[in-house]
Number of protein chains: 2
Amino acid sequence: MTIAHHSPMQAVESVDEAEAVLRERGLRASAARRLVLETLFAAGGPVSAERVAEGVIGSVPRSDLASVYRNLERLQEVGLVRHMHLGHGPGLYVLAGAAQEYLVCESCNAMRVVDPAQLDGVRAMIHDTFGYEAGFGHFPIVGLCPACSDHGGAE
Amino acid sequence: MTIAHHSPMQAVESVDEAEAVLRERGLRASAARRLVLETLFAAGGPVSAERVAEGVIGSVPRSDLASVYRNLERLQEVGLVRHMHLGHGPGLYVLAGAAQEYLVCESCNAMRVVDPAQLDGVRAMIHDTFGYEAGFGHFPIVGLCPACSDHGGAE
DNA sequence: CTGGTTGCAAAACCTTTGCAAAGTC
DNA sequence: GACTTTGCAAAGGTTTTGCAACCAG
């Protein structure tokens, strides 16, 4: 699992659409795979592999954790899924369609979801200064949230 | 090991200075501790615990990995050291004095060191937009470096 | 039928913890 | 001497891998 994904992102709206993408690539639409997709759709935000293995409702259908990891990896290769690290602890996976970036407070751990467009100015500034095309999809922006910087919440 | 450090950063210039800080806090200046500090000074940049355990010259003096982790943790509590995650793989530790932030290319993994001042504009923009005091010391800014974005290095 | 996919078991990797012996002040 | 710190061993949490059975196309 590297930082970079392997294909252009494929935003899809449903499990069926996702499975169509899989078939196009010669991959199969298995039950375990559907479980992963359904859970990611149901979650609507970043979730751990462990959480995915528990299925949509929570520990009901279950699929093997190893298979979940293998499936998440393949779904990333195809561009349907991406993963990120919001702090310590397990990696978190989301559907590629959920175009979201995150601000995490290092003091209270509050996580703020932001629309990528809101960071375009920041990206532009970074590009002007360093020539880098920055993305904040893999690691969040870490800092002190307004509340914590107010009451001297510095680490 | 949480994201946040535990004390204000203590930038020191030498192992002796660092040990003085330790003693002030009632901590002891042991050989294993000195090894950690010397290795961090010698490295001059982020290194893994494993690398620290190998000592200054490389696998010569050695200290137990568990002790290295414990010492890195204590040095962080005191504010002499901080750690970061530049990608997957083990966490990396640096002296608090090495005020540096990083830009990592998600395609070629190139790591660019930047002076925190160069990111002040970016921090200001984030603060204006979200009210967050952003820091890029724990997670780097990930993106495509100029070379990779040129030749279509997008993942 | 063919080859991708699964579950299970085991291992790999990074980090933490328990504990008695040793070291520091 | 009191209390911190060490080394070793073992465990913990996350992710990967080997392999035979299984299933989708």
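Among the atoms of the strands shown, base atoms are found under 4.0 Å from some heavy atom of B:Arg70. Note on A:Gly91: only backbone sugar-phosphate atoms sit closer than 4.0 angstrom, heavy atoms only; bases stay farther off. Residue contacts shown for B:Ala66 include a base, since a base heavy atom lies under 4.0 Å away. A:Arg25 comes within 4.0 angstrom of nothing in the nucleic acid, heavy atoms only.
Each of B:Val68 and B:Gly26 was matched to the nucleotide of DNA chain D holding its nearest heavy atom; the match closer to the 5' end belongs to B:Gly26.
Distance B:Tyr69 OH to D:dG13 C1': 13 Å, rounded to the nearest Å. A straight line from CG of A:Leu65 to P of D:dG13 spans 13 Å, rounded to a whole angstrom. Atom CD of A:Glu73 is separated from atom P of C:dG4 by 16 Å (rounded to the nearest Å). For A:Arg34 and D:dC23, the CZ to P distance is 14 Å, given to the nearest whole Å. Regarding B:Arg74, its CZ atom lies at a distance of 8 Å from the C1' atom of D:dT4, rounded to whole Å. One interatomic measurement links the two molecules: CD of B:Glu50 to C1' of C:dC13, which rounds to 10 Å at whole-angstrom precision. Rounded to an integer number of Å, the gap from CG of B:Asn71 to P of D:dT4 is 15 Å. Rounded to an integer number of Å, the gap from B:Asp64 CG to C:dC14 P is 16 Å.
Annotation: B:Glu50, atom CD; neighbour count of heavy atoms from other residues, nucleotides and ligands within 6.0 Å does not exceed 12.
When all heavy atoms are compared, the tightest approach of A:Ala32 to A:Ser63 is CB-OG, 4.0 Å. Considering all non-hydrogen atoms of both residues, B:Pro46 and B:Val94 come closest at N-CG1, 3.6 Å.
Contact annotation: B:Ser48 side-chain N/O to C:dC14 OP1/OP2 distance is not under 4.0 Å.
Screening A:Arg112, A:Arg123, A:Arg82 against A:Glu101 for a salt bridge (charged side-chain N to carboxylate O under 4.0 Å, His left out) leaves a single residue, A:Arg123.
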What string of B, S and - do you get for nucleotides 20-25 of chain C 5' to 3' if you count protein non-hydrogen atoms under 4.0 Å?
---BBS
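Between B:His88 and A:His138, the ring planes are tilted. Angles from 30° to 60° get that label. By the 30° and 60° cut-offs, the orientation of the rings of A:Tyr93 relative to A:Tyr69 is perpendicular.
The pair B:Arg34-B:Glu19 counts as a salt bridge, with a side-chain nitrogen and a carboxylate oxygen less than 4.0 angstrom apart.
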